[in-house]
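Before any comments, here is the structure.
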Number of protein chains: 2
Amino acid sequence: MSGNKVTLASLAKLAGVSTSTASRALNNNPLIKQETREKIQKLAKDHNFSLNAAASRLRLQKTNVIAVIINLEKETEQSIDDPFLLKVVSDINLAVNKQGYELLLSNSYMAGDDWHGYFISGRRADGLIVVGQGKQQQKIERAAIQGTPLVVWGDPKTQSNYPIVGSDNFLGGKTATEHLLNKGASKLLFLGEPAHAELGERYRGFLAALETAHHAKAELVRIDITSDAAYGIINQKLRESGLTFDGIFACSDMVALGAMKALKERYVSVPNDVRIVGFDNIAMADISHPSLSTIAQNTKVAAELLVQKLLQQLAGESPQSEQVDITLIQRQSS
Amino acid sequence: MSGNKVTLASLAKLAGVSTSTASRALNNNPLIKQETREKIQKLAKDHNFSLNAAASRLRLQKTNVIAVIINLEKETEQSIDDPFLLKVVSDINLAVNKQGYELLLSNSYMAGDDWHGYFISGRRADGLIVVGQGKQQQKIERAAIQGTPLVVWGDPKTQSNYPIVGSDNFLGGKTATEHLLNKGASKLLFLGEPAHAELGERYRGFLAALETAHHAKAELVRIDITSDAAYGIINQKLRESGLTFDGIFACSDMVALGAMKALKERYVSVPNDVRIVGFDNIAMADISHPSLSTIAQNTKVAAELLVQKLLQQLAGESPQSEQVDITLIQRQSS
DNA sequence: GTGAAAGCGCTAACAT
DNA sequence: ATGTTAGCGCTTTCAC
């Protein structure tokens with residue numbers, strides 16, 4: 001309950017200097033003599049003084065805050081449970097902090113429709129990072145048109161008036177599929193929903209890999225991007241038609257693991273009877289048994305790129321979309 | 001790039017009223033005539049106007065922001081990858097928003113040592129939610145003493161001068177262990193680190209359940225709370241001493257899954273040879289094969305309690321610590 | 001039911 | 001190298 005009422009002015013008086021000197025000292029302005037600076041900084045520390053962020057934000061017209069909006073597919077307000085999405089947020093948090101910014105975690109619920117108004121005009125943040133293109137492309141578009149500094153995690157190949165950072169999904173799909181073919185699979189399944197931008201690219205890569213493999217067959221199995229859906233459809237396929245495939249490229253690790261569960265329950269051997277490759281390289285990929293081969297996305301690099309491109313916009317530049325490399329991680333499932 | 005310069009004053013002028021009227025209208029102050037209010041609110045919407053949060057925070061001495069600090073065990077600044085921790089944050093986010101507050105996501109890196117100074121005096125947030133008791137108990141303690149509105153996710157039985165919300169870990173450990181015994185296990189392993197407050201309670205529950213089971217044997221296996229550590233130790237045990245146990249209570253699902261992998265690799269049947277129960281009920285518990293029995297924590301309820309108790313503090317009350325019920329979820333692994 | 005005016009705490013242009 | 005001062009945009013007391 002101590003000294004909550006310390007202000008810059010009172011601190012300055014204590015130090016016997018003006019508020020401007022105190023302000024400059026605390027902001028490490030080189031104009032101030034080293035000795036004065038140290039004295040004032042020590043005084044501030046002794047009194048547990050911190051500059052009032054609200055006041056300096058008002059004065060500077062700058063918040064030093066970056067808002068992160070998680071763009072859920074589902075309209076319902078649920079908590080997130082895809083570990084990958086959360087990994088992305090966590091890496092963004094680190095990258096944001098590294099640049100001296102703070103992270104306001106948001107979602108469509110709080111921000112409403114007018115992102116520019118709410119975040120930028122409302123001086124809640126200097127810029128936005130949107131995770132997932134989702135259903136709200138109009139909201140993003142609109143904010144961008146209004147001049148919101150804005151970057152998106154998604155499919156970098158999508159045409160847009162804002163920079164998108166994401167993995168080379170096409171290459172990821174192609175690499176995964178070629179790997180399945182090399183391992184001897186010839187009747188392949190794609191598990192996912194190509195209507196989703198990133199997954200569409202993965203599917204294109206899947207098809208591209210198959211073009212040169214004339215003996216191979218492929219089937220697109222459209223499902224929700226959940227392990228439950230994958231479990232359900234594989235179960236159903238096995239029940240109704242038996243084992244008509246010998247390789248699966250799943251659009252995410254969660255989907256792959258769901259499929260794997262169905263196979264194991266029906267005593268289909270992975271990888272002998274069916275090879276599986278996932279996408280994301282979540283922690284569970286390594287712990288599942290058999291462990292899951294997958295395409296790893298480099299979320300750390302991507303997060304740093306997102307932040308960097310946002311800061312470039314704040315500096316008046318116009319950065320472009322950018323792809324991040326993927327890596328095939330081979331484990332037991334293939 | 002449009003109308004970034006709309007202020008309350010300019011809006012008021014447009015509407016032909018004073019700034020006070022405009023302010024009251026936008027804040028739904030009942031003093032204002034319905035008609036005036038609607039006119040001004042419509043005007044604001046048309047001009048994409050939002051009140052400048054920095055200015056009103058300065059004026060009101062209130063931010064409407066709650067900071068969430070993730071208290072990692074490890075000192076190194078890594079990204080989080082326990083899905084459970086992230087589930088908690090996600091649920092807190094929802095609960096915070098529900099109360100009309102925003103969420104500032106933070107970590108020890110940004111906040112430094114002086115949490116009260118940084119967040120409260122610095123007017124970055126009105127209160128703190130700390131996730132995990134971790135190593136920084138002094139920081140928490142200190143902030144609390146300085147009068148920081150503060151709640152902690154952790155072990156509610158820990159003595160403290162701030163409210164702690166968390167699961168009934170003792171009951172969880174006891175329930176899990178009784179379940180293992182009922183299922184016929186008599187040589188039990190506890191996998192975890194009881195020095196950690198929450199896990200210590202789970203271990204106490206483990207021991208309590210064994211007290212009435214005179215025929216049963218128990219062993220404490222201290223390990224890092226990671227699936228890798230669990231995998232490693234179980235592997236080592238099997239290699240060195242063979243199968244000397246028939247039941248495992250793992251302190252988290254990730255740990256349980258790591259142990260399960262080691263067992264499966266060595267063809268130990270789960271649940272026939274060894275029964276396993278985890279803790280947390282992460283998504284993977286349901287997808288693993290065999291699926292994992294576990295103690296589910298009610299993160300949604302806990303998150304709402306955390307926020308509620310924080311708001312109570314803001315209102316001058318002194319809420320107490322509180323336990324949240326747990327549920328045994330039986331699946332194939334037992 | 002509405003308006004005038006003060007002031008929240010800070011920063012920076014301008015002065016010295 | 002440091003001080004004086006205006007003003008960022010809002011809310012609310014006090015007056016009518």
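Letters A, B, ... are given to chains in the order of the sequence lines, protein chains preceding strands, and every chain is numbered from 1.
Of the candidate nucleotides D:dC10, D:dG3, C:dA5, D:dC10 has the atom lying nearest to any side-chain atom of B:Ala55. Here the nucleotide nearest the side chain of A:Leu60, chosen from D:dT2, C:dC8, C:dA12, is C:dA12. Each of C:dT11, C:dG9, D:dG3 was ranked by its minimum atom distance to the side chain of A:Asn27; first place goes to C:dT11.
In terms of polar N and O atoms assigned as donor or acceptor, the side chain of A:Thr21 never comes within less than 3.5 Å of the base of D:dA1 in a complementary pairing. A donor N or O paired with an acceptor N or O is not found under 3.5 Å between the base of C:dG1 and the side-chain atoms of B:Arg37. Within 3.5 Å, a donor on the side chain of B:Arg24 pairs with an acceptor on the base of C:dG3, or the reverse.
Heavy-atom distances to DNA chain C give each of B:Gly16 and A:Ser20 a nearest nucleotide, and the one nearer the 5′ end belongs to B:Gly16. Along DNA chain C, the nucleotide nearest to B:Ile32 and the one nearest to A:Leu8 differ in position, and the one closer to the 5' end is contacted by B:Ile32.
Ion pairing of A:Glu304 with A:Lys98 is present here, as a side-chain N (NZ or NE/NH1/NH2) and a carboxylate O approach within less than 4.0 Å. A salt bridge is absent between A:Glu102 and A:Arg124; no separation between the charged side-chain nitrogens and carboxylate oxygens falls under 4.0 Å.
To the nearest angstrom, P of D:dT12 lies 13 Å from CG of B:Leu26. The distance between atom CD of A:Gln34 and atom C1' of D:dA1, rounded to the nearest whole Å, is 14 Å. Distance B:Leu51 CG to D:dC8 C1': 15 Å, rounded to the nearest Å. Between the NZ atom of A:Lys62 and the C1' atom of C:dC10 there is a distance of 16 Å, given to the nearest Å. Spacing between atom CZ of A:Arg57 and atom C1' of D:dG7 amounts to 19 Å, rounded to whole angstrom units. In this structure, CZ of A:Arg124 is placed 11 Å from P of D:dC10, rounded to the nearest angstrom. Spacing between atom CG of B:Asn29 and atom C1' of C:dG3 amounts to 14 Å, rounded to whole angstrom units. Atom pair B:Arg123:CZ and D:dC8:P shows a separation of 22 Å (rounding to whole Å applied).
Within the 4.0 angstrom heavy-atom criterion, base atoms lie near A:Thr19.
For A:Asn52 and C:dC8, the shortest distance from a side-chain N or O to OP1 or OP2 is not below 4.0 Å. An OP1 or OP2 oxygen of D:dT12 is reached within less than 4.0 angstrom by no side-chain nitrogen or oxygen of B:Ser23. Contact check, A:Gln61 against C:dT11: no side-chain N or O comes under 4.0 Å of OP1 or OP2. Listed pair B:Ser18 / C:dG3 meets the phosphate criterion, a side-chain N or O lying under 4.0 Å from OP1 or OP2.
Taking every heavy atom of both residues into account, B:Val307 and B:Val96 meet most closely at CG2-CG2, 3.7 Å. Among all heavy-atom pairs drawn from A:Ala15 and A:Lys39, the shortest one is O-NZ, 3.3 Å.
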Stepwise side-chain hydrogen bond (donor to acceptor under 3.5 Å, both in side chains) check, A:Asp155 with A:Thr158:
CA-CA 6 Å; A:Asp155 168 44; A:Thr158 302; 3.0 Å; yes

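Without hydrogens or angle criteria, B:Asn52 side chain to B:Ala54 main chain gives a donor-acceptor distance under 3.5 Å.
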